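Encoded as structure tokens, the structure appears first; notes follow it.
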Amino acid sequence: MDRVNVITTNGAASNYIKKIIEEDLREGRVAEVVTRFPPEPNGYLHIGHAKSICLNFDLANEFGGRTHLRFDDTNPLKEDEEYARAIEEDVRWLGYAWDRLCYASDYYEEMFERAKLLIRKGLAYVCELSGEEIRATRGTLTEPGTPSPFRNRSAEENLDQFERMRCGEFADGAKVLRAKIDMASPNINLRDPILYRIAHAPHYRAKNAWCIYPMYDYAHPLEDAIEGVTHSICTLEFEDHRPLYDWVIRACEMPTVPHQYEFARLNMTNTVMSKRNLKALVEQGVVDGWDDPRMPTIAGLRRKGYTPGAIRTFAREVGVAKSNSMVDERMLEYFVREDLKLVAPRTMAVLRPLRVVILNYPEGQLEWLEAENNSENPELGVRQIPFGREIWIEQDDFMENPPPKYFRLTPGQEVRLKHAYFIRCEKVIYDAAGKVSEVHCTYDPETKSGSGFTGRKVKGTIHWVCAREARAATFQLFEPIYLTESENGGDDGERLLNPNSLTQWIGYIEAQMVKENAASTYQFFRHGYFHEDSMLSTWSHPVFNRVVSLKSSYEVL
RNA sequence: UGGGGAGUCGCCAAGUGGUAAGGCAACGGACUUUGACUCCGUCAUUCGUAGGUUCGAUCCCUACCUCCCCAGCCA
């Protein structure tokens with residue numbers, strides 16, 4: 001569904017990467033900007049990835065360049081076709097079209113050849129130390145590592161060993177290919193990093209063609225260079241991998257030289273942003289799946305009812321910098337309200353119904369009232385809504401003993417029914433438990449909406465649904481998955497699940513709404529924006545997810 | 001106590017020698033058939049701290065403090 005992006009940003013904000021690109025173009029260092037979004041297909045994309053997607057695609061777009069969607073699939077143990085396809089869908093849904101769809105696994109052969117070049121140049125060797133031994137000899141943050149006893153094997157022997165690794169002669173973990181850089185480097189990434197490891201595991205894409213797989217630090221720069229990527233943008237934690245990135249490009253004699261730039265990943269209040277954590281929620285059945293509306297995944301946000309435009313605007317407005325940050329989720333909410341404001345029809349829904357009988361309205365009578373679909377956007381037209389003797393109003397909209405400044409229906413206070421009449425409470429009916437079960441009112445025919453009645457004013461206007469014509473529906477309201485915010489919004493540490501992350505109410509919507517309107521996202525008066533759930537909603541019983549509430553200086557629900 | 005980064009309003013974030021943009025949030029007020037929207041107004045004499053250079057420093061120098069990342073055959 002296409003949505004109008006009503007947010008206009010006056011001149012896309014600048015950021016330090018954009019400035020570098022501008023200078024690279026001006027100085028002729030690059031002829032064209034080529035970026036890439038390089039997810040590993042080992043989980044679903046989340047809002048943090050959306051920031052990266054927008055950054056990469058927007059940057060290339062702005063300078064007439066190109067962007068590749070590239071699956072960084074170098075670990076057969078974690079990757080899956082399902083994830084790759086879901087990622088494609090998410091990127092497309094966000095509104096971006098990649099210039100090329102690439103796979104790191106398509107470059108395995110060239111990577112292997114380049115590795116042999118490294119060996120011939122004396123820049124890589126096959127090491128037979130065990131995992132524990134490698135760790136033990138790597139040194140610590142303050143002490144240098146010690147060289148592997150295999151460090152000075154001849155190129156011939158290394159070549160032979162490496163070929164045999166590929167042929168499957170050795171077991172997992174028996175040997176690795178290592179770069180020969182500097183075991184005493186203060187940058188641990190440079191202490192003879194592992195380039196290839198053995199894994200006798202089928203790859204979701206390369207199947208059984210390989211039993212050795214390149215490591216990220218070796219594969220990623222080559223992928224970028226092979227594709228002609230000019231600006232390789234990644235997150236902060238890769239900052240000290242950059243020297244290795246540059247080393248690989250140079251040592252492997254790649255004809256094109258990409259450069260890596262880092263920015264701070266997105267963190268948001270009240271949510272978790274690590275695939276590990278999200279995956280656990282899915283696998284433990286805490287949520288419905290990767291697309292559960294409570295998930296910060298793109299699929300989850302989509303199912304909840306977020307618009308691509310809102311996410312894109314959010315990603316742009318949040319900015320690009322190098323300091324760790326924690327963005328207030330209310331910023332995201334603001335942008336989706338903005339995006340939906342003029343396009344979502346505004347209708348009435350009662351989430352927690354309370355029956356109101358209008359004593360002086362003729363029994364059996366039904367009249368049709370005209371209601372505009374969006375008072376701020378006349379293009380959405382008008383609809384007719386039924387009004388009768390019995391209606392549903394929100395339980396919260398009636399109080400027998402109201403606090404001060406309560407503008408809704410009370411035994412002494414007249415209110416306006418949106419699009420209809422003023423009503424006045426005459427009598428309160430209780431159930432056996434002493435709870436209010438029904439409110440009896442009278443209405444004033446002269447106050448009909450649109451009649452121009454100015455005889456008296458009411459402070460409050462409440463929404464309602466005609467009981468005879470109402471249609472039952474379920475409303476899903478969401479809260480954060482976790483109860484408390486961890487110290488810095490990180491994903492570690494035990495956090496308590498919020499038992500109220502999902503609450504459902506069964507209430508009523510305007511019956512005509514479902515038939516007549518193609519829209520699946522509405523603003524329910526005084527409640528917020530709701531989107532029909534793609535998995536749970538049926539023709540006979542619609543289910544709506546609250547995308548976001550309306551801002552309120554008074555707690556409605 | 002190695003290396004790499006970062007510290008500007010409650011949250012993001014511009015500015016990088018000429019005297020603190022913008023957005024979110026918040027708070028007033030107007031308007032209101034959504035306690036919404038809209039509108040109008042308020043919201044950093046101050047840029048982690050302390051010195052120094054300068055006519056002038058958030059921007060330069062020095063020292064210090066705080067936070068984040070790195071010792072996966074993960075990415």
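Protein chains get the first letters and strands the later ones, always in sequence-line order, with residue 1 at the start of each. These numbers come from a predicted model, not from an experiment.
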Item to check | Result of checking A:E510, A:E370, A:E372 against A:R383 for salt bridge (Lys or Arg N to Asp or Glu O under 4.0 Å) | outcome: A:E510
Checklist outcome for this item: Closest to the 5' end of RNA chain B, once A:K459 and A:Y196 are matched to their nearest nucleotides, is A:K459
Item to check | B:C60 to B:A75 separation - C1' atoms, rounded to the nearest Å | outcome: 40 Å
Checklist entry - In whole Å, what separates the C1' atom of B:G7 from that of B:C47? => result 10 Å
Checklist entry - For A:E143, which contact category applies under a 4.0 Å heavy-atom criterion: base, sugar-phosphate, or nothing? => result nothing
Next on the checklist: Students often get this wrong, so: under 4.0 angstrom with heavy atoms, is A:K418 touching a base, only sugar-phosphate, or nothing?
Outcome noted: base
Checklist outcome for this item: Of A:K51 and A:S449, the one whose closest nucleotide on RNA chain B sits nearer the 5' end is A:K51
Next on the checklist: Need one value for A:K405: base, sugar-phosphate or nothing, where a base atom within 4.0 Å counts as base even if backbone is also close, heavy atoms only.
Outcome noted: base
Checklist entry - Is a donor-acceptor contact shorter than 3.5 angstrom present between the side chain of A:N187 and the base of B:G4? => result no
Checklist entry - When we call it a touch if two heavy atoms are under 4.0 Å apart, what does A:L266 touch: a base, just sugar-phosphate, or nothing? => result nothing
Next on the checklist: Considering every strand and a 4.0 Å limit on heavy-atom distances, what is the contact class for A:G450: base, sugar-phosphate, or nothing?
Outcome noted: base
Item to check | Note: A:R36-A:E227 ion pair, threshold 4.0 Å (strictly below) | outcome: no
Checklist entry - On a whole-Å scale, what distance lies between the C1' atoms belonging to B:C59 and B:G4? => result 23 Å
Checklist entry - Say you pick atom C1' in B:U49 and the same atom in B:A25; how far apart are they, in whole Å? => result 28 Å
Checklist entry - If you measure from the P atom in B:G51 to the same atom in B:A21, how many Å do you get, rounded? => result 26 Å
Next on the checklist: Measuring only the P atom in each nucleotide, how far is B:U46 from B:C9? A whole number of Å is fine.
Outcome noted: 13 Å
Checklist entry - Nearest of B:G35, B:C70, B:G72 to any side-chain atom of A:M215? => result B:G72
Item to check | A:P353 side chain reached by A:V350 side chain, heavy atoms, under 4.5 Å | outcome: yes
Checklist entry - Can you tell me which stems RNA chain B forms when a stem means 3 or more consecutive Watson-Crick or G-U pairs under 3.5 Å? => result B:2-7 with B:65-70, B:10-12 with B:22-24, B:26-30 with B:38-42, B:48-52 with B:60-64
Item to check | Under-3.5 Å donor-acceptor pair between A:R135 side chain and B:G72 base | outcome: no
Checklist entry - Where the side chain of A:I188 is concerned, which of B:C70, B:A13, B:G35 is the nearest nucleotide? => result B:C70
